[in-house]
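What follows is one structure encoded as structure tokens, with my remarks underneath.
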Amino acid sequence: MGDNVSVNMNCTFVDCNKIEIGSNVLIASNVQLYTATHPVELAQRLTLEWNFESGEYFCRTYALPIKIGDGFWLGGGVIALPGVSIGKGSVIGTGSVVTKDIPDNLLAVGNPCRVVRKINGK
């Protein structure tokens with residue numbers, strides 16, 4: 001985490017992998033950053049022949065890093081999924097679900113999150 005980072009209340013960071021947060025970043029209330037995920041296909045997700053005594057977890061998981069650049073602002077209730085990078089100076093609007101990388105100096109909103117326009121004179 002960089003310098004001058006503001007994280008508001010009720011945020012959830014599932015850090016099974018690395019979460020990088022730059023400097024001068026605003027993270028509003030109820031933001032969720034998830035690095036943990038599971039395979040989509042049932043046969044890949046479940047541990048075959050699982051039983052309680054095995055000591056294994058019944059399903060397979062993995063994690064991908066999240067990277068947030070300098071000067072960024074995540075609006076309230078934003079969800080960032082595993083493996084995404086959000087560029088320097090960008091803003092993600094309230095309630096958005098970030099499913100793909102967002103480059104530098106862009107305003108992006110929605111579910112799934114989509115770029116609306118360039119910002120910061122770039």
Side-chain angles (χ1 to χ4, degrees):
M1 188 175 292
D3 295 324
N4 303 320
V5 175
S6 175
V7 179
N8 212 315
M9 63 184 172
N10 298 324
C11 292
T12 301
F13 296 177
V14 179
D15 60 348
C16 300
N17 201 316
K18 191 172 189 176
I19 298 175
E20 292 182 48
I21 298 172
S23 295
N24 304 311
V25 169
L26 299 173
I27 299 176
S29 301
N30 300 308
V31 166
Q32 301 167 62
L33 305 178
Y34 294 119
T35 63
T37 189
H38 308 275
V40 174
E41 294 293 328
L42 181 61
Q44 295 171 2
R45 187 170 57 248
L46 295 179
T47 303
L48 298 177
E49 300 180 21
W50 178 87
N51 64 60
F52 184 76
E53 291 80 29
S54 72
E56 295 180 278
Y57 194 55
F58 76 95
C59 68
R60 295 182 181 103
T61 63
Y62 61 97
L64 300 170
I66 292 176
K67 184 174 182 178
I68 297 173
D70 294 336
F72 186 79
W73 174 21
L74 287 171
V78 166
I79 299 172
L81 297 185
V84 299
S85 291
I86 303 170
K88 292 188 245 180
S90 288
V91 174
I92 304 296
T94 297
S96 297
V97 178
V98 183
T99 61
K100 296 180 182 176
D101 292 352
I102 304 295
D104 295 349
N105 298 303
L106 296 172
L107 172 63
V109 300
N111 180 6
C113 192
R114 290 187 179 11
V115 172
V116 173
R117 65 181 172 94
K118 293 181 180 183
I119 58 174
N120 303 323
K122 305 290 179 180

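A quick note: this is a predicted structure, and the numbers were derived from the prediction, not measured.
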Taking the side chain as everything from C-beta on, heavy atoms only, tell me whether [X] gets closer than 4.5 Å to [Y].
| X | Y | result |
| --- | --- | --- |
| Ile21 | Phe13 | yes |
| Ser29 | Asn10 | no |
| Ile86 | Lys67 | no |

Following the transitive rule for hydrophobic clusters with a side-chain heavy-atom cut-off under 4.5 Å over Ile, Leu, Val, Met, Phe, Trp and Tyr, establish whether [X] and [Y] coincide in one cluster.
| X | Y | answer |
| --- | --- | --- |
| Ile19 | Val31 | yes |
| Ile119 | Leu26 | yes |
| Leu33 | Ile79 | no |
| Val97 | Val116 | no |
| Ile102 | Ile27 | yes |

Side-chain donor-acceptor contact under 3.5 Å, Asp70 with Asn24: no
What are the two closest non-hydrogen atoms of [X] and [Y], and how far apart are they?
| X | Y | answer |
| --- | --- | --- |
| Pro82 | Ala36 | CG-O, 3.4 Å |
| Cys11 | Asn8 | SG-O, 3.4 Å |
| Arg45 | Pro39 | NH1-O, 3.2 Å |

In Å, rounded to the nearest 0.5 Å, how long is the span from [atom1] of [X] to [atom2] of [Y]?
| X | Y | atom1 | atom2 | answer |
| --- | --- | --- | --- | --- |
| Ser6 | Leu74 | OG | CG | 11.0 Å |
| Tyr62 | Thr37 | OH | OG1 | 4.5 Å |
| Ile92 | Leu107 | CD1 | CG | 8.0 Å |
| His38 | Leu46 | NE2 | CG | 11.0 Å |
| Met9 | Asn30 | CE | CG | 7.0 Å |

task: Kindly indicate, with the supporting measurements, whether the criterion side chain to side chain contact (heavy atoms under 4.5 Å, CB included) is fulfilled by Thr47 and Arg60.
output: CA-CA 6 Å; Thr47 303; Arg60 295 182 181 103; 4.2 Å; yes
message: For the backbone of Gly2 and the side chain of Ser23, can you confirm whether one donor and one acceptor N or O come within less than 3.5 Å of each other?
response: no
query: Counting distance only, does the side-chain N/O of Thr99 pair as donor-acceptor with the main-chain N or O of Leu81 below 3.5 Å?
result: no
- request: Would you please test Thr61 and Cys16 for side chain to side chain contact (heavy atoms under 4.5 Å, CB included) and show each step?
  value: CA-CA 10 Å; Thr61 63; Cys16 300; over 6 Å; no
query: How far apart are the C-alpha atoms of Cys113 and Val98, what are their side-chain angles, what is the distance that settles it, and do they pass the side chain to side chain contact (heavy atoms under 4.5 Å, CB included) test?
result: CA-CA 5 Å; Cys113 192; Val98 183; 4.2 Å; yes
message: Walk me through whether Thr35 and Leu64 qualify under side chain to side chain contact (heavy atoms under 4.5 Å, CB included).
response: CA-CA 5 Å; Thr35 63; Leu64 300 170; 5.9 Å; no
